[in-house]
Amino acid sequence: MKPDEKVSKIIEKLKGVYPEPKLALHYSNPFQLLVAVILSAQCTDERVNQVTRELFRKVKNPQDLINIPLEELEELIKPTGYYRQKAKNLKACCERLAEEYGNAIPKSIEHLTKLPGVGRKTAAMVLGNAFGVNEGIAVDTHVKRLSQRLGLSTSKTPEKIEKELMQMVPQDLWTWLSNAMILHGRHICRARNPRCSQCPLTDYCDYFLNK
DNA sequence: CTCCCGATAT
DNA sequence: ATATCAGGAG
C-alpha cells in the first residue's frame with residue numbers, strides 16, 4: 001500500500017472511533033490549559049487532574065500563580081513529578097505572560113515555545129485545543145509510539161516525527177489527529193500489552209503485521 | 001546526553 | 001523490589 005493511501009485509511013478508521021476526541025485534562029480557560037499541559041510532562045493526565053482540582057481553585061490567571069509562594073506551589077504540584085522544575089517554570093512562565101502578553105496566552109507556536117517549560121508538544125496542544133489553531137502536531141509519547149508501530153514514521157525524535165506527519169496529514173486535521181492518537185494510545189495501542197484484538201488499524205499496522 | 005521526580009504496573 | 005510511564009532544559 002502506498003504511504004498516502006495508508007494514511008487516508010488510518011484517518012478514516014480513527015474518525016469512526018474518535019469523531020471528536022478531546023483532551024482528558026480538566027481546564028476552564030486557555031491559561032489553565034497551558035498550566036495543565038505543562039504539568040502533564042512525564043505524568044498521566046489523571047494525576048494532573050487530581051492536582052489541578054485543588055490548584056485551579058486558587059489559580060485562574062497568571063497573576064494568581066505569581067502570588068502563590070514557590071514552596072506552596074511545589075507542594076501543590078508535587079504528585080506530578082519534577083515538581084521543583086515545574087514550579088520554577090510555571091512561575092517564570094506566568095511572569096512572562098504578565099509582562100509581555102498582558103496575561104493573555106500567545107497564539108503562535110513561535111511565541112509559546114519561548115515560554116519556560118513550554119516545548120513543541122505543549123505549544124501545539126494548547127494552540128490546537130484552546131484556540132483551534134492547527135500550527136503543529138503535538139507528538140507526545142503516544143503519538144510517537146503509534147507513528148512508529150503503524151509505520152508512519154521511522155524517526156526517533158518527536159521533532160522529526162512531527163515534520164513527517166505534517167507532510168502526510170491535511171493541516172486542518174492536525175489537532176484532531178494528535179488528540180485521536182493520544183486516546184487510541186492510552187486505551188488500545190498501549191505501551192505495554194497493546195490491545196491489538198480491539199484495534200481497527202491492524203490492517204495498516206506494521207507492528208501487528210510483523211508480530 | 002543527562003538531569004529532573006512521583007506513582008503504578010509487574 | 002524494580003521496571004516502566006511520561007517532556008523540557010541545559
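Each chain gets a letter, A, B and so on, in the order its sequence line appears, and its residues count up from 1.
A/Lys86 comes within 4.0 angstrom of nothing in the nucleic acid, heavy atoms only. Across all strands, A/Asn193 comes closer than 4.0 Å only to sugar-phosphate atoms, never to a base (heavy-atom distances). Backbone-only engagement by A/Pro116 is indicated by non-hydrogen atom pairs under 4.0 Å involving sugar-phosphate atoms exclusively. At a threshold of 4.0 angstrom between heavy atoms, the contacts of A/Ile182 with the nucleic acid are absent.
Using a 4.0 Å cut-off, some side-chain N or O of A/Arg47 falls inside it from OP1 or OP2 of B/dT8. One finds a side-chain N or O of A/Thr122 lying less than 4.0 angstrom from the OP1 or OP2 phosphate oxygen of C/dG8. Taking 4.0 angstrom as the limit, A/Lys121 places a side-chain polar atom (N or O) nearer than this to OP1 or OP2 of C/dG7. At B/dA9, none of the side-chain N or O atoms of A/Arg192 fall inside 4.0 Å of OP1 or OP2 (strictly under the cut-off).
On the C1' atoms, C/dT4 is 14 Å away from B/dC5, given to the nearest whole Å. The same atom, C1', is picked in B/dC4 and in C/dC5; the two are 15 Å apart, to the nearest Å.
Between A/Arg186 and A/Asp45 a salt bridge is recorded (basic side-chain N to carboxylate O distance below 4.0 Å). Of the charged side-chain nitrogens involved, at least one lies within less than 4.0 Å of a carboxylate oxygen, so that A/Lys58 and A/Glu72 count as a salt-bridged pair.
Geometric assessment of A/Lys78 against the ring of A/Tyr83 yields a positive cation-pi assignment under the 6.0 Å and 45° thresholds. Taking the ring axis of A/Tyr204 as reference, the NZ or CZ atom of A/Lys9 does not stay both within 45° of it and closer than 6.0 Å to the ring centre.
When distances run from any side-chain atom of A/Ala41 to the nucleotides C/dG7, C/dC5, C/dA6, the shortest one goes to C/dG7. The A/Gln85 side chain lies nearest to B/dC5 when the options are B/dA7, B/dC5, C/dA6. The side chain of A/Ala191 has C/dC5 as its nearest neighbour among C/dC5, B/dG6, C/dG7.
Taking atom CG of residue A/Leu90 and atom C1' of nucleotide C/dA9, one finds them 15 Å apart after rounding to whole Å.
Two residues, A/Thr44 and A/Asn89, neighbour DNA chain C, and the one matched to the more 5' nucleotide by heavy-atom proximity is A/Thr44. Sequence order on DNA chain B of the closest nucleotides to A/Tyr83 and A/Gln50 puts A/Tyr83 first from the 5' end. The 5' end of DNA chain C is approached more closely, in terms of each residue's nearest nucleotide, by A/Gln42 than by the other of A/Val118 and A/Gln42.
Donor-acceptor pairing under 3.5 Å is recorded for the side chains of A/Ser40 and A/Lys121.
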